[in-house]
Amino acid sequence: DLTFCEVGDLVSFLGHIPTWSRRLSKPMTVSIEAIEEYPTVYVIVFDGLRFDHWLGIRETLNDTFSIVEDHPYVSILPTATPYARNTLLTGKSPRELEHEYGKNLYSVGNADEEDWFRDSTGLHGDDLKYQNPAGVSNKRRKAERIMKSEARLKSLIYHFSDKLTHNFGGQSSITSQLQGDRSFRQIPIQFFKDNISHQITQIPNVDPSDQGAIILISDHGATRADDERRISNYDAYKSGTRYARGGPWEKPKGCHLAMDSASEEYRLPEEDFIFAKHRTILTNSADDDRYVHGGISLHEMLPPVALLTW
């Protein structure tokens, strides 16, 4: 159980990961190949699903689909939904998105995600169907109508895993009560089997096409953090629990924080960023110990991508 301090900086560990082509080339290649070969293509995003979660739910899909390939890929930084999912669906870096649309990704979140997805694919109107969220009970009928449609590309966004890492309405997340990684690994797997699996496996039965492909992908993972680090000039309105945006900052010492000044390799927006590593959490609240994302760890940065066919 080596820490990042012991194996070295993550950039060195993964072979210079900032190179943008290494980050998204594999998922994008899978997407292009699927769209070209199959009459119907689904892009199903499981927000916040870790690779070990995928290994646990994979078996529930084996009887319905042929799993052509599945593997982890290197996510972008920050490993936070406004950055990770927007770039995943558009194929554009955070810097490119902010320049093109003139909006701060942290502030806008994923409110414009569907429009940006349509712009990037060139599919408008009924050629692309999109549902977010897709898994909650009052949205399932709409998701089923999308499955039955003649759309060329169909996208469904599920949040069941990501919600475990967030506080809602001032209440602590479920994961703040967990004492070990085993529980965090099992909860999303069981939730998928009980609530989501049936919806996914019915696709071949209700879709008009006799054959099709599903690109199943996660935008980021999550890791447990319990080592609080406070930094100067921390702006909670544009920063997360595992990254900070703004500055100015002095270069952090030690192995707990990594700083990047919007280098061309990372293609971040033109501000300074600090990323938490190992079990570090950037927060204004005391006694914060839970699963979070936005920073640098294998669990956050190596989410799954899979190509399923029927």
Side-chain angles (χ1 to χ4, degrees), residues 27-49 53-54 57-70 81 85-86 88-91 110-163 188-219 303-310:
M28 290 300 106
T29 300
V30 169
S31 301
I32 292 170
E33 291 174 351
I35 289 174
E36 290 178 345
E37 185 175 348
Y38 294 93
T40 298
V41 176
Y42 286 76
V43 175
I44 297 180
V45 181
F46 289 156
D47 192 353
L49 193 78
H53 295 154
W54 161 247
I57 68 177
R58 187 183 191 275
E59 63 184 50
T60 66
L61 304 174
N62 266 332
D63 292 339
T64 305
F65 302 101
S66 296
I67 300 178
V68 180
E69 61 176 291
D70 65 313
T81 304
R85 204 169 75 214
N86 278 318
L88 185 67
L89 292 177
T90 62
N110 296 83
D112 297 324
E113 177 179 274
E114 180 181 359
D115 292 337
W116 295 355
F117 189 29
R118 291 180 179 276
D119 289 346
S120 298
T121 59
L123 298 175
H124 297 277
D126 290 336
D127 288 334
L128 188 154
K129 295 290 187 179
Y130 166 96
Q131 178 60 46
N132 178 21
V136 296
S137 57
N138 63 336
K139 301 292 184 181
R140 290 188 178 184
R141 288 188 178 179
K142 185 174 181 180
E144 291 173 3
R145 288 197 296 269
I146 289 176
M147 295 175 188
K148 296 176 181 179
S149 74
E150 299 285 349
R152 182 75 178 84
L153 184 62
K154 307 172 186 181
S155 183
L156 304 173
I157 314 295
Y158 293 87
H159 299 270
F160 66 96
S161 182
D162 189 60
K163 282 188 175 181
I189 294 172
Q190 195 60 49
F191 188 93
F192 176 86
K193 291 179 178 180
D194 293 343
N195 300 278
I196 308 296
S197 176
H198 174 71
Q199 189 177 42
I200 302 296
T201 55
Q202 73 173 337
I203 288 177
N205 297 324
V206 301
D207 192 278
S209 298
D210 292 333
Q211 57 179 331
I214 296 175
I215 301 161
L216 191 153
I217 194 166
S218 171
D219 50 355
V305 57
L307 175 60
L308 287 60
T309 61
W310 76 87

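For D126, the CG atom sits in a loose shell: 12 or fewer heavy atoms of surrounding residues, nucleotides or ligands are nearer than 6.0 Å. Counting heavy atoms of neighbouring residues, nucleotides and ligands inside a 6.0 Å radius, atom CG of D210 does not exceed 12 of them. Remark: N205 CG is packed, more than 12 non-hydrogen atoms of other residues, nucleotides or ligands lying under 6.0 Å away.
The pair D47-R85 counts as a salt bridge, with a side-chain nitrogen and a carboxylate oxygen less than 4.0 angstrom apart. The existence of a salt bridge linking E150 and K129 is excluded, since no basic side-chain nitrogen approaches an acidic carboxylate oxygen closer than 4.0 Å. Between R118 and D127 there is no salt bridge, since no side-chain N of the basic residue sits under 4.0 Å from a carboxylate O of the acidic one.
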**Request:** Would you sort out whether Y42 and D207 count as a side-chain hydrogen bond (donor to acceptor under 3.5 Å, both in side chains), showing the intermediate values?
**Result:** CA-CA 11 Å; Y42 286 76; D207 192 278; 2.6 Å; yes

**Request:** Dump the intermediate steps for side-chain contact (heavy atoms from CB on, under 4.5 Å) on V43 and L89, then the final yes or no.
**Result:** CA-CA 9 Å; V43 175; L89 292 177; 4.0 Å; yes

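The backbone N or O of S149 lies less than 3.5 Å from a partner atom in the side chain of K154, making a donor-acceptor pair. Put simply, the side chain of T90 never gets that close to the backbone of F117: no donor and acceptor are under 3.5 Å apart. A distance-only check finds no donor-acceptor pair linking the side chain of T64 to the backbone of L61 [under 3.5 Å]. No donor-acceptor distance shorter than 3.5 angstrom exists from the side chain of R152 to the backbone of L128, with no hydrogens or angles considered. No donor-acceptor distance shorter than 3.5 angstrom exists from the side chain of S66 to the backbone of V68, with no hydrogens or angles considered. For the pair T60 (side chain) and S197 (backbone), a donor-acceptor distance under 3.5 Å is absent. Of the possible polar contacts, none joining the N132 side chain to the L156 backbone as a donor-acceptor pair under 3.5 Å is found.
Donor-acceptor pairing under 3.5 Å is lacking for the side chains of Q131 and Y158. A donor-acceptor pair shorter than 3.5 Å cannot be found between the side chains of W116 and N86.
Aromatic rings of F192 and F46 (six-membered ring for Trp) have centroids within the 6.0 Å cut-off, being under it.
The aromatic rings of F160 and F191 lie parallel to each other, their planes meeting at an angle below 30°, with 60° marking the opposite boundary.
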